[in-house]
Amino acid sequence: MDALPANATRFLADAEALAAQIPDGAQIALPPDYSLPAMAVVRALVRRRAKRLRLLGVPVLGMCADLLIGAGCVAEVETSAVSLGEAGLAPRFTEAAEKGELALREATCPMIHSGLQAAEKGVPFMPLRGVLGSDLVAQRSDWKVIDNPMENRGQTTISQKSWSDPDFSDPIILAPAISPDVALFHARWADRAGNVWLGRRRELATIAHAAKAAFVSYESMREGDMLEDEILAPGVLGSVYVSALAPAPRGAWPLGVADEYPIDDAHLMAYAKAAKTREGFRRYLDEWVLTPEKNFSPA
Amino acid sequence: MDALPANATRFLADAEALAAQIPDGAQIALPPDYSLPAMAVVRALVRRRAKRLRLLGVPVLGMCADLLIGAGCVAEVETSAVSLGEAGLAPRFTEAAEKGELALREATCPMIHSGLQAAEKGVPFMPLRGVLGSDLVAQRSDWKVIDNPMENRGQTTISQKSWSDPDFSDPIILAPAISPDVALFHARWADRAGNVWLGRRRELATIAHAAKAAFVSYESMREGDMLEDEILAPGVLGSVYVSALAPAPRGAWPLGVADEYPIDDAHLMAYAKAAKTREGFRRYLDEWVLTPEKNFSPA
Amino acid sequence: MGPYAREELLAGVIARLIGDAAHVAVGAASPIPATACALLAARGDKLRVSLLHKRKGNPFSEGSRELFDLAGQGRIDVFFLGGAQIDGEANVNLVRAEGRRFPGSFGSAFMYFAARRTILFREEHSRRVLVPKVEFVSAPGSSPPGVWRRGGPQALLTGKALFAWQPGRRRFRLESVHPGSSLEEVRDCTGFEFDCGPTVAATAPPSAAELELLRGPVARAIAPNYPAFAAKVWLSRSPPSAASA
Amino acid sequence: MGPYAREELLAGVIARLIGDAAHVAVGAASPIPATACALLAARGDKLRVSLLHKRKGNPFSEGSRELFDLAGQGRIDVFFLGGAQIDGEANVNLVRAEGRRFPGSFGSAFMYFAARRTILFREEHSRRVLVPKVEFVSAPGSSPPGVWRRGGPQALLTGKALFAWQPGRRRFRLESVHPGSSLEEVRDCTGFEFDCGPTVAATAPPSAAELELLRGPVARAIAPNYPAFAAKVWLSRSPPSAASA
């Protein structure tokens, strides 16, 4: 995963083929449920029995992560929250967290955004205001606190002592760069040049910029080079960032794609209810994930 | 200019009215010539005899700045370059710089981008790789160099000494946040909600986010709220950032607006030639800027 | 309760707390704060409301980081936070309590500092929620001098009472008790100590004019994003034409 | 010169310098580097070329910072820099020389560090341009150990010769002299000292196959973005159908 694929956007057959590109143990950056999650690929990861995945929520996670956690694919989660939104707590995450079955790296939304933007710019860190005084700071030895160097002409000291010491002068927290192994998400359109259209979901572009590889499923193929179209271009992620692409019609279902299909609230509620128990979750997997013909909604 | 106008996008009559909002002495962030410069407002600033403006090129400047400099409106320029592109050197900038008539704050493109992104995030600085060893660093006392705090567990020292000292450990440069008084640019469309459409010229959004006020001229008014349209939204700057708007059809001329009108190369060449001398520049101003009926191209 | 729904009372209180703010950001599962904003808008106040995660459209074009950047720029005047636990020093816990796991801190550790004012809002008023000391500080209620902090808590509103935050004393003061509750009940159900004047006012109910707005234009504005909520609060009373849309 | 234009020779040299790079970024006023990239593409190489400031469309959707972010990410293999002055330590000056003001440093102070390789390209080969020491270092040719630097100069190409950069010695080595020039002429016109083997090769001219590509698909690919250049180089020879487009 070290080489950045500059000129090799590959066109794969389907979600299974994309899932096969993601090795066990990879750190995968995932968007929130409202931001084009690649659910078809997530289901394919469950089917291929992916192991020890490390999930990064950008900045929060939902059903996408809950499925992978419940199916035993996940070793570690870094996120600022996991929730099913209107459908309540994410039941498999909640149980795994309460039983201590996951390595949890608690964060807060803008620290994740800033870490990805640091990687996007090729710098080792980015500063952020706030956060000091949250118990998150003590848990995250990779978050550093320094005196604001723009205000201090003399020495500035890395926090060995507590940032709340009175001799700390305008302390500020630094988010370390986050460069995930894989960015995984869904797009409304792709084109033959390997570009994908994400619309206003710009956090997906940031993930792809920061990641070592980006795997993208898409609703449908669009004619022409979208980067040459001034109306579409602002919503495009250029192919330079896209390692591989595959078609997955209704690939975000049961979550939604703006202007294509809405969130399937009833399904999400049914999932939230079923997944409250391990047995219910197993039945859900059998019915909706492991049975090939039900890979995506018939609607 | 202290209060951020959260709920008060004002609709003004024309470029003159926008220019009247920009006080003498203001720091104005301007885009490059290829990125929607508000030329009609720039001409109006010349007509209202604006004084002591401080220009910030994001990240470079062109005819926009050359006109203001030649007309005596400018006290200071911070930029990574001033050029007319294919038409050669920017003659009024070049002469003013050679004669020492301008306070020049030399920069390099990504330091300006990073400084604006720092202001966009409300942090005092942003780190950047590279730059060390450029003579720019010695000229910019506001650029600080520190040891990379992510690598150094002990003390980290602000550069009093030279960063090239062998005991400097992975030095990195910090771009101070730049929060210009005014962001000034042109947009293809505006809507009644006060949103403007910039397409892929995202640097304009960054300027507006970072600035204390944003003044925007636009080609034409579009029906509906563009932020509610998933296709247009990715290219929109939301009205929360827009202080005031005014119509200026062909307002970027002689520069271009993608899909509307191209750069008027012949005019730019003619300007570059005329502006080689003060007299030629005066004649250009008389003909194309100070004569109201010729404020913009008849085409 | 009176001739109004509890949600209407709470929205009215929040509307008064928002006051003359210029820009309010309202999170996903927050129909009552959204109702308060819609009430102010219906009254003709020039309030800008950024509703996060609207079903159709949204106020942002820079992705999910834009809210945090806006707050960092100082452009968010009022934000709302809840909490699995809230303590008497206005610390907020969104992570874990009594062996139970909650979703996580979201952006609280930043927004509580960067928004000019934060209204703490949790309908459940119990010793389980309002504790002497939170088990985990997702976001602290105050910061030492020398630590950058643009804003902090303004008030804590629950289903029983309204507390004002006193930054100097770092303690809440009971401001009013909602009709139907009593000072005694509030004391019983609050796990932290708080200040209290010699007499405690009753929370002002929504006025007739406010109720008319709530049941007309406000209900119609809220229904598209919170259909279940709108149906529950208003459909049984005086159904606005679009509440079922 | 021979049965080829000087621009064709230079483009051929640049194409060889680019070699098997995956991604090349080409600046605004750079028709010859763009021609080299088009030649590689016409040969079927899987080269990704990001042409900055194309007349129609452009490879970016994040505004003008995207080039620098791409380079920071390590995704730019080859970049080009010119210079009002270039010295024997590969320092580049884009700001001022002999009392004259030039446009400014642009992104050179970053790109020279972040791109994996930089090809220095300046057609004028004179002691005015190739100086012992630049008056102003826009971007340094090398950096001390311990200073982050992903890449640096690969070569210096002028209208007369090709120099290779020797990072260990921090000096240029004359690689070849273009047909029509001589070692003596190169020495006369170069203001800095450089290494030189016992014999100096002549720069290889474009092959017949390369010329055929240059005058066919390459000319057609270049004409839309550089119409004046394409007309000058190719229209007088064997006009490709689209060169005047």
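Every chain is numbered from 1, with letters handed out A, B, ... down the list of sequences.
Here the straight-line distance linking atom CD of Gln117(A) with atom CG of Asp69(C) works out to 6.5 Å at 0.5 Å rounding. Within the model, atoms NE2 of His113(A) and CD of Glu62(C) stand 11.5 Å from one another, a figure rounded to the nearest 0.5 Å. Distance check: Trp148(C) CH2 to Ile173(A) CD1 gives 13.5 Å after rounding to the nearest 0.5 Å.
Contacts from residues 106-113 of chain C to chain A, taken as heavy-atom pairs separated by less than 4.5 Å, involve Phe106(C), Gly107(C), Ser108(C), Ala109(C), Phe110(C), Phe113(C) in sequence order. By a heavy-atom distance cut of under 4.5 Å, Val95(C), Arg96(C), Gly99(C) are the residues of residues 84-99 of chain C near chain A, going up by number. Using a 4.5 Å cut-off between non-hydrogen atoms, the part of residues 96-105 of chain A that approaches chain C consists of Ala97(A), Glu98(A), Leu104(A).
Looking at Arg200(A), its side chain does come within 3.5 Å of a backbone N or O of Phe60(C) through a donor-acceptor pair.
Only the side chain of Leu128(A) comes within contact range of chain C, with at least one heavy atom under 4.5 Å from a heavy atom of that chain. Using a 4.5 Å cut-off between heavy atoms, Arg149(C) does not touch chain A at all. Only the side chain of Thr206(A) has a heavy atom closer than 4.5 Å to any heavy atom of chain C. Heavy-atom distances place the side chain of Val60(A), and not its backbone, under 4.5 Å from chain C. For a residue to count as touching a neighbouring chain, one of its non-hydrogen atoms must lie under 4.5 Å from one of that chain's; by this rule Ala107(A) touches chain C with the backbone only. For Glu95(A), no part lies under 4.5 angstrom from a heavy atom of chain C.
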Review point. Can Gln139(A) and Phe136(C) be said to form a side chain to side chain contact (heavy atoms under 4.5 Å, CB included), step by step?
Key: CA-CA 11 Å; Gln139(A) 295 194 340; Phe136(C) 184 97; 3.4 Å; yes

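Across Leu136(A), Val131(A), Thr79(A), Asp135(A), a single residue satisfies side-chain contact (heavy atoms from CB on, under 4.5 Å) together with Ser105(C), and that is Leu136(A).
Heavy-atom pairs under 4.5 Å with chain A were tallied for Pro103(C), Gly63(C), Gly72(C), Ala71(C); the largest tally goes to Pro103(C).
Put simply, the side chain of Ser64(C) reaches to within 4.5 Å of the side chain of Arg201(A), judged on heavy atoms.
Between Phe102(C) and Phe93(A), the shortest heavy-atom distance links the atoms O-CE2, 4.3 Å.
For the side chain to side chain contact (heavy atoms under 4.5 Å, CB included) test, residues two or more places apart in sequence or in another chain that qualify with Ala34(C) are Val26(C), Leu51(C), Ile222(C), Tyr226(C).
The pair Arg101(C)-Glu106(A) meets the salt-bridge criterion, since a charged nitrogen lies less than 4.0 angstrom from a carboxylate oxygen.
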